[in-house]
Number of protein chains: 2
Amino acid sequence: MTTMNAAQRRDQRKAEYNAFIAQCPTNRMLDTISDKWTCLVMAALADGPHRYGELGDTVAAISNKMLTQTLRTLERDGLVHRQMTAQVPVRVDYTLTPMGLTLMPILTQLKEWSESHMDEVLSARADFDR
Amino acid sequence: MTTMNAAQRRDQRKAEYNAFIAQCPTNRMLDTISDKWTCLVMAALADGPHRYGELGDTVAAISNKMLTQTLRTLERDGLVHRQMTAQVPVRVDYTLTPMGLTLMPILTQLKEWSESHMDEVLSARADFDR
DNA sequence: CGGTATCCTCCGAGATACTG
DNA sequence: CAGTATCTCGGAGGATACCG
């Protein structure tokens, strides 16, 4: 069954590589921060604490579901801190954690790279599409 | 029709914000580089030119479709150069462009941040899950 | 060798409605 | 106010087969 074995070996290599990707810190972090909404929410928090509703207003196009989900992920990863004040109505504030703050400079660099290379990228796209 | 107008205004704000996101260079670049496979492929190209098949072997878990699609996007954005040699069988080499090279340091920083903070993230997750 | 073309599946995002 | 619960739908991505 040479065919079977070859296919099996290929599948196993893929499984191993998938496992490697699942373990790789860079890819795991990229999974988190490369999410469509994560950077927008973190950017919104960069200038200080904000309430749930404020974040929903700032990132106007985000749905309740995704805002909650994004904040939960960031909180779980220790990048954002959630402070709940028991009162009626409830008040919840979100802030970047110290670790979250250390990530911001990299996002800023990425932002600056993007802004300074956007023209070059756009003209490359125009060339390619022709 | 206050209700209608309020809903319409909300929808319009969302549409505007979506348009803003679609225009924002950072988000457009993030769309590109934050793709599941893009960083892996760029990392594979960081040490020099590679052929299509070599990339497929290095990133073992990637499908033909996604490898092609990833390379096309990178080529279109001017981050990767595609060199085709007409012979039988055909030979195609991929290299990072100068612009692609300028992006690598940022990816490297991201990699280093991820590796140095992975423990902290993992313990934050463990805490959160308890 | 370096891809296309096609089909198919699954799951993630959004809309909507409800709640402590 | 700050979420949860539920449904639905589109499209990303994988498998497979074929092609110049």
(message) Looking only at the side chains, is there a donor atom on one of B:Tyr52 and B:Asp57 sitting less than 3.5 Å from an acceptor on the other?
(response) no
(message) So that I can tick it off, tell me whether B:Arg125 and B:Asp127 are bridged by a salt bridge, with the cut-off set at under 4.0 angstrom between side-chain N and carboxylate O.
(response) no
(request) Sequence neighbours left out, what passes side-chain contact (heavy atoms from CB on, under 4.5 Å) with A:Thr26? Give chain and number order. (result) A:Cys24, A:Leu30, B:Lys111, B:Ser114, B:Glu115
(message) I'd like to compare against my own output: the B/S/- annotation of nucleotides 1-20 of chain C with a strict under-4.0 Å heavy-atom distance to protein.
(response) SSBB--------BBB-----
(message) With a 4.5 Å cut-off on side-chain heavy-atom distances among I, L, V, M, F, W and Y, is there a chain of contacts connecting B:Phe128 to A:Val80?
(response) no
(message) Please identify which of these residues, A:Thr97, A:Thr32, A:Thr38, meets the side-chain hydrogen bond (donor to acceptor under 3.5 Å, both in side chains) condition with A:Asp77.
(response) A:Thr32
